[in-house]
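The chain is numbered in sequence order, starting from 1. Note that this is a predicted model, so its numbers are computed, not measured.
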Amino acid sequence: MLDRAAQFATRYVRTPEAARLLGISPRTLEKYRCHGNGPTFRKLGGRVVYAIGDLEAWADQAACSSTSDPRYLEARAAGNAHR
């Protein structure tokens, strides 16, 4: 029952606020969504929403400690994949 309560306590934001939190434009976030390389989203009542935790998890995947970090090249490639 606690998991169900936690699920309803999750805060959801729409595309403009999600983009602001990530520091990218709403259009870029829409493109990521279409190409499948953006954060997990949900369709609720015809609206696209993002859970704050999903935005944080997606951003954490691109975390690197230096430009020589192997994940840096992966993160950079993902960001340039559909330009």
Side-chain angles (χ1 to χ4, degrees):
M1 180 125 177
L2 196 59
D3 291 331
R4 188 99 168 135
Q7 182 180 16
F8 285 114
T10 301
R11 180 163 179 244
Y12 296 98
V13 295
R14 302 210 29 212
T15 301
E17 187 176 356
R20 184 182 58 75
L21 291 169
L22 293 170
I24 60 176
S25 76
R27 183 68 181 127
T28 298
L29 188 54
E30 291 167 0
K31 287 180 183 178
Y32 286 170
R33 187 169 64 237
C34 289
H35 294 294
N37 58 345
T40 302
F41 67 93
R42 292 160 178 79
K43 290 278 284 195
L44 301 177
R47 292 185 169 96
V48 173
V49 296
Y50 297 88
I52 299 292
D54 290 339
L55 296 174
E56 292 170 347
W58 181 76
D60 286 345
Q61 290 176 359
C64 303
S65 59
S66 73
T67 56
S68 61
D69 187 331
R71 293 184 306 177
Y72 174 77
L73 294 176
E74 294 170 18
R76 185 172 176 204
N80 294 326
H82 296 285
R83 285 191 175 187

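Among residues two or more places apart in sequence or in another chain, the side-chain contact (heavy atoms from CB on, under 4.5 Å) test is passed with Glu30 by Thr15, Arg27, Arg33. Ser66 pairs by the side-chain hydrogen bond (donor to acceptor under 3.5 Å, both in side chains) definition with Ser68, not counting sequence neighbours. Judged as a side-chain hydrogen bond (donor to acceptor under 3.5 Å, both in side chains), and not counting sequence neighbours, Thr40 has no contacts. By the side-chain contact (heavy atoms from CB on, under 4.5 Å) test, Ala51 pairs with Thr10, Tyr12, Arg42, Asp54, sequence neighbours left out. Residues forming a side-chain contact (heavy atoms from CB on, under 4.5 Å) with Arg14 (at least two apart in sequence, or on another chain): Pro16, Arg47, Val49. Listed by chain and residue number, nothing satisfies the side-chain hydrogen bond (donor to acceptor under 3.5 Å, both in side chains) test with Gln61 (two or more places apart in sequence, or in another chain).
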For a quick test of your reading: what N or O donor-acceptor pairs under 3.5 Å do the side chains of residues 18-25 make, sequence neighbours left out?
from, atom 1, to, atom 2, distance (Å)
Ser25, OG, Thr28, N, 3.0
Ser25, OG, Thr28, OG1, 2.9

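Taking the six-membered ring for Trp and the full ring otherwise, the centers of Trp58 and Tyr50 sit at least 6.0 Å from each other.
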